[in-house]
Amino acid sequence: MRFLLKLPFALGLLSQAVSAQKAVFAHVVVGNTAAHSQATWAQDIQLARNTGIDAFVLNIAYPDGNIPGQVANAFAAAEAAGSGFKLFFAFDYLGGGQRWPSTGSNSVVSYLNQYKNSPAYFRYNNAPFVSTFEGVDDINQWAEGGPIRSAVGAIYFVPDWSSLGPQNFASHLNNVQGAFSWEMWPNGASNKTTDSDFAWKGAIQGKSYMMGVSPWFFHSTNGGKKWVWRGDDLWADRWAQTLQVNPEFVQIVTWNDFGESMYVGPVRFGSEIASGAEVYVDGQSHESWLDFLPYYIAKYKGHPFDITRDQMQYWYRTHPAAAGSTCGVVGNNADQGQQELSPNAVLQDGVFFSALLSSPAEVHVQIGNNPVTVYSGNSGINHWSQPFNGQTGAPKFSVVRGGSTTGSGTGKAITASTTLANGCSNYNPWVGSF
Ligand SMILES: *[C@@H]1O[C@H](CO)[C@@H](O)[C@H](O)[C@H]1NC(C)=O
């Protein structure tokens, strides 16, 4: 693998060879869709499909009384949308507080057998595709000849059993068709690297690897620990890393987990935002992160992409991390085997911005009335960050070529202190684009 990395030509051939089978999914927490109707699902599906996402991963927890109705709405909407967009299940063994029963009513088998033949169910190698969130006490349930496969038949099973780590996971390779690693945020004040991805890819010995790509992590809901992992450059870095890791599948985490600030889909107030998170999510749409997906997905799949106009996307927390109270939020999580730090030590105070340019151009960034900083952009994707350095005001981002501005946008103002009434820092970013 490391040898291949030094040979872009060989890597290019490799990605072309498997490009027909690659797929990009977005993780939908069905537990956060309580107010969805079939029409809401249809909107989500259309939005996702327009970005090049192939399927939604329906994360379903046990027990949750909303799940049967929302799964039915999701499949009805996907079937009505016609071919081209799919759904599959990820059985969440932690989110509802209980393990999934394998068999019986309201079980892994009942969901798979009810939906596996839907034209909207995602299939791979001619079998319904299935994943999990954890469930390491139930590994044997998924074995060849075990209760699930005996009742459902062939499945293409790519679980997330990340808590095992790649080495222990490797002792279960007979039970799986691949692995999904939840390790997609960096530990503490560092950048996420591809080390864990290559550790997983190496351990699974040619089985399918599903790589996670997430823009952010801030767990803010009431009850339970509140913590952050570094987001910052992550959205740009992780998409660049898909080209190095070259996995069979990419899973965007997530479409709608508002309580963890890792959403890229529409924010829908009402009953869909976990209690405690509302104040941090209010006014902080992340949909602009979707804008570069057509480009990122085409590159990952090895497809040509024609950049027809200059585009930018930009995101930042709207005040320095230390400009409000932590309100109990820590950086890292000891429950994940990590050393806990102040969130202020983990997050970088700055604006993060990417430009997709049809040809070389300047990118201008100006925070409030402060001096303009000029960046020199290449044709294709570019990414930078700029520290706040005490500057406040609304940041303006522009693309300038030959003295003419080809596009510009102004973001939410950066303030010296938190603007939240509770006095807490908001570690959830504002995201914009043009
Ligand atoms: C972290 O990633 C950003 C964006 O890719 C890069 O500019 C920065 O140099 C990296 N920092 C380190 C310490 O590698």
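Atoms within each ligand, like the ligands themselves, are counted from 1 in listed order. Start at 1 with the first residue, then count along the sequence.
- The protein non-hydrogen atom at the shortest distance from atom 12 (C) of ligand 1 is Asn191 ND2, 3.3 Å.
- In this pair, Phe89 and Phe91 present their aromatic rings tilted. The plane angle is within the 30 to 60° band.
- Between Asp197 and the options Gln241, Gln244, Arg238, a side-chain hydrogen bond (donor to acceptor under 3.5 Å, both in side chains) holds for only Arg238.
- Near Asp233, meaning under 4.0 Å from any of its heavy atoms, are these atoms of ligand 1: 2 (O), 3 (C), 4 (C).
- Considering backbone and side-chain N/O of Asp237, one or more are found under 3.5 Å from N/O of ligand 1.
- Below 30°, between 30° and 60°, or above 60°: for Phe353 and Phe397 the angle between ring planes is between 30° and 60°, a tilted geometry.
- With no hydrogens or angles considered, a side-chain donor-acceptor pair links His364 and Glu362 at under 3.5 Å.
- Under the 4.0 angstrom criterion, atom 9 (O) of ligand 1 counts as lacking any protein heavy-atom contact.
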